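In what follows, residues are counted from 1 in the order of the sequence shown. Everything quoted here is computed from the prediction, not taken from an experiment.
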Amino acid sequence: MTALGPRPGPRPGPRTERLALPGVLSPEQVLRTVEGIAAVQRADGAIPWFRGHHLDPWDHIESAMALDAAGEHERATAAYRWLARHQNPDGSWYAAYPDTPDGVAATDPTDRGRESNFCAYVAVGAWHHYLSTGDDAFLDQIWPTVFGAVEFVLGLQQSGGQIGWRHRADGTVDSDALLTGSSSVYQALRCALAIAEHREEPQPDWELSAGLLGHAIRHHPERFLDKHRYSMDWYYPVLGGAVTGAAAKERIEEGWDRFVVPGLGVRCVSPNPWVTGGESCELALALWAMGESDRAVDILRWIQPTLRAEDGMYWTGYVFEDDAVWPEERTTWTAGSLLLAVAALGGDEATTAVFGGERLPRGLDSDCCG
C-alpha cells in the first residue's frame, strides 16, 4: 500500500457538514475534530491513542470508523490494512503496540495479552467501512482477516455462551467473561455474519455462537464477572444490540441516576466523581439506538464545555469535584466515539446500520437455551 505520509488534511465538505449537530458541533468544529484524529494517524495507517502513546486494536478501529463517517476513506482503509499486516497467525492481535515515528517499524508489542473483544471488533469496522464505501474489493481483501479473528474469539467461548476474556501473555487462557467485552463481541459477530451473508458464505456455527452469547447476556448475569460499578456494564448490552425494546428501556432507567450526572456526562465508575467522554458518547449511541435521540443529544451537549479541547480533540475525563480534566490526555478514540454518535444522530447510513441493527442478521436469539 501507499503510506499516507504528509498530505493535505481533511477539508470542509458534505460529510463534515452532515456530522454537524446543533448545540453540539458546528461544521467547523467537526472539521477540527477530524483533523485532530488524522494528525495522530501514522504514515503506516496506525492510530495510537495520541502520539507517543500505545495503540490497541479496538480503539484503533473506533478511530478508523470515525474517519469513515467523516468521509476520510483513504485513511480508514490504511488503518484496516495495518491490522491485516499485524494479525497473528492464530487470528488475534496483541493488546497493545508501541507508537513509533513515521517510517520506523514497530518493535515488540507492549502487552502480549490477546483480548477477545479487541480481536472481534475488526468485523464491526470492516462492515462499517464497506457500508461507507461500497468497496467490494476491500471486503474481499479483509475477509480472511475477519474470518481468522472470529475463529480466534469463538475459541474462547464457554459452554454457557459467554466469551472468555483473553489469552494471557504467558499463553494461558483467562476464561472469565466480561459483560462489556462479550456485548461488544455480540455486535461483532452480527457484523461478521452480515459480511459472510453478503459474500454468500454462510457460517452456521457463528450463528449458533451468537445466539448462545445473546442469551447469556440477556438472562445469565452470573456467567460474567461482577463489574456493576462500571457504567459500561450497564449500557453495553444495549449498545451491542443484545438487549433491545422494553428490556433496554428498563435497563437504562434502572442505572440512570447511578451513572448519569446531569449537565456533565456519564461516570466511568460509580460513585466516583469522574465523567468520561468515551462512556458519555457510547451511552448517547445506546440512547439513539433505543429511539431516545433527545436524551442522546443532551449527553453530547453536556460534555462539550469541559471535555472539548481547543484543538478539537477531547480530554478523556473530568473530575467534577476538583474542576479538573484527568488524565491530561486527548485520545483519538474519545474523539472517534463523539463523531460516531453525531453520525448516528445525523442519519449516516453506515453508522446507523452498525449500531442500530439495520442490515445485520436477525432471528439468531432463540431463548430456549438453558
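Nearest heavy-atom pair, Thr316 versus Trp333, reported as atom, atom and distance to 0.1 Å: CG2-CH2, 4.2 Å. In terms of heavy-atom proximity, Ala120 sits nearest to Ala188 at O-CB, 3.3 Å. Closest approach of Val153 to Cys119, counting heavy atoms only: CG2-CB, 3.9 Å. Shortest non-hydrogen contact noted between Ala284 and Ala296 is O-CB, 3.3 Å.
For an aromatic pair to be called close, the ring centres must be under 6.0 Å apart, and Tyr97 with His54 fails this. Taking the centre of each ring, Trp93 and Phe152 stay at or above the 6.0 Å mark.
Annotation: the span from Glu282 atom CD to Ser184 atom OG amounts to 8.5 Å, rounded to 0.5 Å.
When side chains are defined from C-beta on, Val342 does not count as touching Val30, because their heavy atoms never get closer than 4.5 Å. In this structure, Leu340 and His128 have side chains that are in contact, with non-hydrogen atoms separated by less than 4.5 Å. With a 4.5 Å cut-off on side-chain heavy atoms, Val238 and Thr244 do not count as touching. Looking only at side-chain heavy atoms (C-beta outward), Leu55 and Asp59 stay at 4.5 Å or farther from each other. At least one side-chain heavy atom of Leu283 sits under 4.5 Å from a side-chain heavy atom of Ile252.
Within a 6.0 Å sphere centred on CD of Glu222, heavy atoms belonging to other residues, nucleotides or ligands number more than 12. With a 6.0 Å radius and a threshold of 12 heavy atoms from other residues, nucleotides or ligands, Phe138 has its CZ atom above the threshold.
For Gln162 and Ser182, the side-chain atoms include no donor-acceptor pair closer than 3.5 Å. Side chain to side chain, Glu279 and Thr276 meet the donor-acceptor criterion of an N or O pair below 3.5 Å. Under the 3.5 Å distance criterion, with hydrogens and angles disregarded, no donor-acceptor pair is assigned to the side chains of Tyr94 and Asp108. A donor and an acceptor atom, one from each side chain of Asp135 and His73, are nowhere located under 3.5 Å apart. Between the side chains of His167 and Ser92, no donor N or O sits under 3.5 Å from an acceptor N or O. A side-chain N or O of Gln304 and one of Tyr314 form a donor-acceptor pair less than 3.5 Å apart. Gln41 and Trp82 share no side-chain donor-acceptor pair at under 3.5 Å. Counted by atom type alone, His198 and Tyr130 present one or more donor-acceptor pairs between their side chains at under 3.5 Å. At a cut-off of 3.5 Å, with distance as the only test, a side-chain donor of Trp143 or Glu201 sits close to an acceptor on the other residue.
The aromatic rings of Trp58 and Tyr121 lie parallel to each other, their planes meeting at an angle below 30°, with 60° marking the opposite boundary.
Arg267 forms no cation-pi arrangement with Phe259, by the criterion of a distance under 6.0 Å to the ring centre and an angle within 45° of the ring axis.
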- Task: Could you please spell out the steps behind the side chain to side chain contact (heavy atoms under 4.5 Å, CB included) verdict for Leu179 and Tyr236?
- Result: CA-CA 8 Å; Leu179 181 57; Tyr236 237 96; over 6 Å; no
- Task: Any chance you could lay out the salt bridge (charged side-chain N to carboxylate O under 4.0 Å, His left out) test for Arg114 and Asp90, step after step, and finish with the verdict?
- Result: CA-CA 10 Å; Arg114 290 165 287 159; Asp90 65 359; 2.3 Å; yes
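With respect to Arg295 and Glu253, a salt bridge is recorded, a charged nitrogen being found less than 4.0 Å from a carboxylate O. Using a 4.0 Å cut-off between a side-chain N of Lys or Arg and a carboxylate O of Asp or Glu, Asp99 and Arg42 qualify as a salt bridge. Using a 4.0 Å cut-off between a side-chain N of Lys or Arg and a carboxylate O of Asp or Glu, Arg166 and Asp174 qualify as a salt bridge. With salt bridges taken as basic N to acidic carboxylate O contacts below 4.0 Å, none links Asp311 and Arg32. Ion pairing of Asp140 with Arg199 is present here, as a side-chain N (NZ or NE/NH1/NH2) and a carboxylate O approach within less than 4.0 Å.
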